[in-house]
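See below for the structure under consideration.
Excluded from the calculations below are hydrogen atoms, water molecules and symmetry mates; all remaining heavy atoms, backbone and side chain alike, are included. Proteins get letters first, then strands, A, B, ... in listed order; numbering begins at 1 in each. This one's a predicted model, so the numbers in the text were calculated from it and none came from an experiment.
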Amino acid sequence: MKPTIPKGTRDFLPNEMAKRNYIFNTIKEVFRLYGFNQIETPAMENLSTLMGKYGEEGDKLLFKILNSGDYLANVSADELVTKESNKLVNKFSEKGLRYDLTVPFARFVVQYRDKITFPFKRYQIQPVWRADRPQKGRYREFFQCDADIVGSDSLVNEVELIQLIDDVFTRLQLNVLIKLNNRKILSGIAELIGEHDKIVDITVAIDKYEKIGLENVQKELLEKGLTLHAIETITPIITLSGDNGTKLEMLKKVLATSSVGMEGIQELQTVLNYVAGLNLKTAIEIDLTLARGLNYYTGAILEVKSLDVQIGSITGGGRYDNLTGVFGMQGVSGVGISFGADRIYDVLNQLELYPKEKMNQTNVLVLPFGEKEQVYGLEIVKELRKNGIAAELYPDVVKIKKQLAYADNNGIPYVILIGENEINTQTLTLKNMLTGEQYTGDKDTVFAKIL
RNA sequence: GUGAUUGUAGCUCAGUUGGUUAGAGCGUCGGAUUGUGGUUCCGAAGGUCACGGGUUCGAGCCCCGCCUUUCACCCCA
């Protein structure tokens with residue numbers, strides 16, 4: 001039998017975990033600094049919690065868990081014969097793997113509303129699963145690192161999250177661009193031309209402007225069923241360019257008659273004004289083609305792109321005004337972001353942006369020449385650890401050549417050799433694996449050299 | 001879900017128009033070297049050619065199916 005893992009999943013070797021932990025620890029530390037508190041939720045949720053929250057596409061991508069036991073007991077032969085998987089699945093599956101961290105969080109907020117003080121700031125770092133077809137930067141199991149604030153309408157939250165994003169990527173030394181949009185502006189555009197359900201087609205078409213040109217975009221919109229008048233109305237929006245200020249001015253003109261649209265512009269402007277005073281390292285750009293998560297976002301929408309590596313967005317987020325509504329709790333607005341840890345990991349790998357000093361694990365390997373030395377070695381590693389030095393003792397009595405190769409392959413910077421000579425003279429021999437330098441002396445001097 | 005693409009030793013890959021016993025490098029193990037790794041030399045182990053069927057005197061190579069890899073679309077972190 002060949003050892004393999006399911007499609008779209010990954011194993012991580014020790015050196016890879018060191019890199020991933022560097023990412024997780026960085027994000028965690030920033031979350032903590034911004035006052036978010038950690039929670040966890042189960043890997044699986046009731047399907048009733050998950051279904052219908054991510055649109056039709058999302059429902060298809062949910063991993064469903066077979067009921068335990070005789071899961072076909074309640075399915076009649078007639079029903080089985082129909083082969084209608086989508087209907088039948090409800091009969092033998094009532095749990096699914098979580099698809100993101102936001103919906104389980106909404107469930108969590110409603111369920112524990114009596115134990116939570118609003119505004120509630122939580123962070124959550126856990127894997128999610130999607131039955132997608134894997135490709136570059138897309139996995140079926142990946143970690144999201146979410147920070148959300150629920151129970152506050154203030155745009156200060158948006159500003160704080162943008163600052164947090166800037167903080168994280170600055171620490172990770174990644175060049176990124178924050179793209180910003182507002183769902184209300186998109187609604188305004190739709191309102192303007194009376195085509196509420198065409199908003200996705202419109203954003204997709206705008207997105208292609210730079211690639212295929214105005215004429216082709218207009219042609220595509222025509223094919224999608226927009227009237228010539230409607231296309232003419234939104235043409236200034238398709239060709240929108242320049243800095244954020246110019247874009248906002250143009251939008252104000254075009255959307256002047258739409259109150260929702262103007263509200264979105266106002267929000268965007270306010271956020272940008274606040275952020276301008278914070279001197280962030282990351283550039284922020286208004287991007288009307290950002291329509292991500294259209295299913296539940298109601299205000300700000302944001303996305304982060306790596307400037308050095310071509311991969312999908314590495315962070316996304318936005319405001320959702322009524323996510324808890326479906327769980328029976330109305331009028332709670334939230335805003336949140338989600339770092340895609342696995343994509344950030346891929347980007348960092350490609351750029352090799354890991355600080356070396358944070359990557360190695362064991363500092364010292366103790367090499368015994370024989371059994372007697374092994375006993376002495378046990379005492380030595382114990383004392384090393386007491387001094388805060390990560391140390392291990394080679395567990396088998398084998399040739400020193402082999403023990404040194406172990407240290408070498410594992411990138412252990414120091415070894416301590418213990419043989420008959422060392423025991424007789426009460427000394428230790430320290431070897432620097434990088435330089436090959438060796439020093440024999442008493443325990444305290446050797447320890448001092450390592451520290 | 002749609003369209004391509006990949007699969008040969010633990011890893012990376014050769015393998016001619018179908019032709020005898022399928023190769024290399026790296027890694028592993030042993031030795032040169034019983035107290036010295038990362039350099040060198042010698043040797044060894046390691047294969048259901050993804051899997052199942054078919055064509056053929058003969059298939060790693062051709063055909064069909066299936067799984068898998070990677071990529072694009074859709075959607076997304």
> When Watson-Crick pairs (N1 to N3 and N6-O4 or O6-N4) and G-U wobble pairs (N1-O2 and O6-N3) count only below 3.5 Å on both distances, what is the dot-bracket string of RNA chain B, with | for other-strand pairs?
Replying inline: ((((..(..((((.....[...)))).(((((.......)))))......((((..]....)))).)..))))....

Polar-atom pairs under 3.5 Å, protein N or O versus N or O of nucleotides 45-47 of chain B: list them with distances, or write none.
none

> If you look at every strand shown and take non-hydrogen atoms under 4.0 Å, does A:F339 touch a base, only sugar-phosphate, or nothing?
Replying inline: nothing

>> Can you confirm whether more than 12 heavy atoms, excluding those of A:Y274, are under 6.0 Å from its OH atom?
In response: no

>> Can you confirm whether A:F12 is buried at CZ, in the sense that more than 12 heavy atoms of other residues, nucleotides or ligands lie under 6.0 Å from that atom?
In response: yes

Strictly by modelled atom types, are [X] and [Y] linked by a side-chain donor-acceptor pair under 3.5 Å?
X	Y	value
A:T429	A:E422	yes
A:N15	A:Y354	no
A:N181	A:Y297	no

If I take atom [atom1] in residue [X] and atom [atom2] in nucleotide [N], what distance separates them, rounded to the nearest angstrom?
X	N	atom1	atom2	value
A:R140	B:G1	CZ	C1'	12 Å
A:D346	B:U70	CG	P	11 Å
A:K7	B:G1	NZ	C1'	12 Å
A:Y139	B:U69	OH	P	13 Å
A:I5	B:A50	CD1	C1'	17 Å
A:I301	B:C76	CD1	P	10 Å

>> Would A:K53 pass as a cation-pi partner of A:Y99, given that its NZ or CZ must be under 6.0 Å from the six-membered ring centre and within 45 degrees of the axis?
In response: no

>> For A:Y345, does the six-membered ring have the charged nitrogen or CZ of A:R20 within the cation-pi criterion, i.e. under 6.0 angstrom from the centroid and within 45° of the normal?
In response: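 Positive - A:R20 is close enough to the ring of A:Y345 and near enough to its axis.
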
>> Using side-chain hydrogen bond (donor to acceptor under 3.5 Å, both in side chains), reason through A:S306 and A:D308 one step at a time and then give a plain yes or no.
In response: CA-CA 6 Å; A:S306 162; A:D308 300 317; 5.4 Å; no

Scan nucleotides 71-74 of chain B against the protein and return all N/O pairs shorter than 3.5 Å with their distances rounded to 0.1 Å.
unit_1	atom_1	unit_2	atom_2	d
B:C71	OP2	A:K136	N	2.8
B:A72	OP2	A:Q135	OE1	2.8
B:C73	N4	A:Q135	NE2	3.4
B:C74	N4	A:Q135	NE2	3.3
B:C74	N4	A:R138	NH1	2.8
B:C74	N4	A:R138	NH2	3.4

Whole-Å [atom1] distance, [N] and [M]:
N	M	atom1	result
B:G15	B:C76	C1'	42 Å
B:C64	B:G10	P	29 Å
B:G47	B:G3	C1'	34 Å
B:G60	B:C49	P	7 Å
B:U70	B:A45	C1'	33 Å
B:U20	B:G38	C1'	44 Å
B:C26	B:C62	C1'	33 Å
B:G31	B:G52	P	39 Å

>> Using the ring centroid of each side chain, check whether A:Y123 and A:F36 are separated by less than 6.0 Å.
In response: no

>> I want to know whether A:F339 and A:F24 have ring centres closer than 6.0 Å.
In response: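 No.
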
>> Any salt bridge linking A:R32 with A:E29? Criterion: basic side-chain nitrogen under 4.0 Å from a carboxylate oxygen.
In response: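 The answer is yes: the pair qualifies as a salt bridge.
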
> For RNA chain B, whose closest nucleotide is more 5', that of A:F143 or that of A:K60?
Replying inline: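 Going by which nucleotide is closer to the 5' end, it is A:K60.
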
> Using 30° and 60° as the class limits, which term best fits the ring planes of A:Y54 and A:Y296: parallel, tilted or perpendicular?
Replying inline: perpendicular

>> Determine whether A:R122 and A:Q124 satisfy the following criterion, side-chain hydrogen bond (donor to acceptor under 3.5 Å, both in side chains), listing intermediate values before the conclusion.
In response: CA-CA 7 Å; A:R122 84 87 171 77; A:Q124 187 170 357; 3.0 Å; yes

> How far does CD1 of A:I178 sit from CD1 of A:I337, to the nearest 0.5 angstrom?
Replying inline: 9.0 Å

>> Quick check on contacts: within residues 10-23 of chain A, what sits under 4.0 Å from RNA chain B by heavy-atom distance?
In response: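 Residues of residues 10-23 of chain A that come under 4.0 Å of RNA chain B do not exist, since none gets that close.
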
>> What does the B/S/- profile of nucleotides 27-37 of chain B look like, 5' to 3', with a 4.0 Å heavy-atom cutoff to protein?
In response: --S-SB--BBB

> With A:T362, which residues qualify under side-chain contact (heavy atoms from CB on, under 4.5 Å), at least two apart?
Replying inline: A:E392, A:I412

>> Apply side-chain hydrogen bond (donor to acceptor under 3.5 Å, both in side chains) to residues A:T49 and A:N46 and explain how you reach the verdict.
In response: CA-CA 5 Å; A:T49 302; A:N46 293 324; 4.7 Å; no

>> Tell me if a side-chain donor or acceptor on A:N67 pairs with a main-chain N or O of A:E94 at a distance below 3.5 Å.
In response: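 Such a contact is found between A:N67 side chain and A:E94 backbone.
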
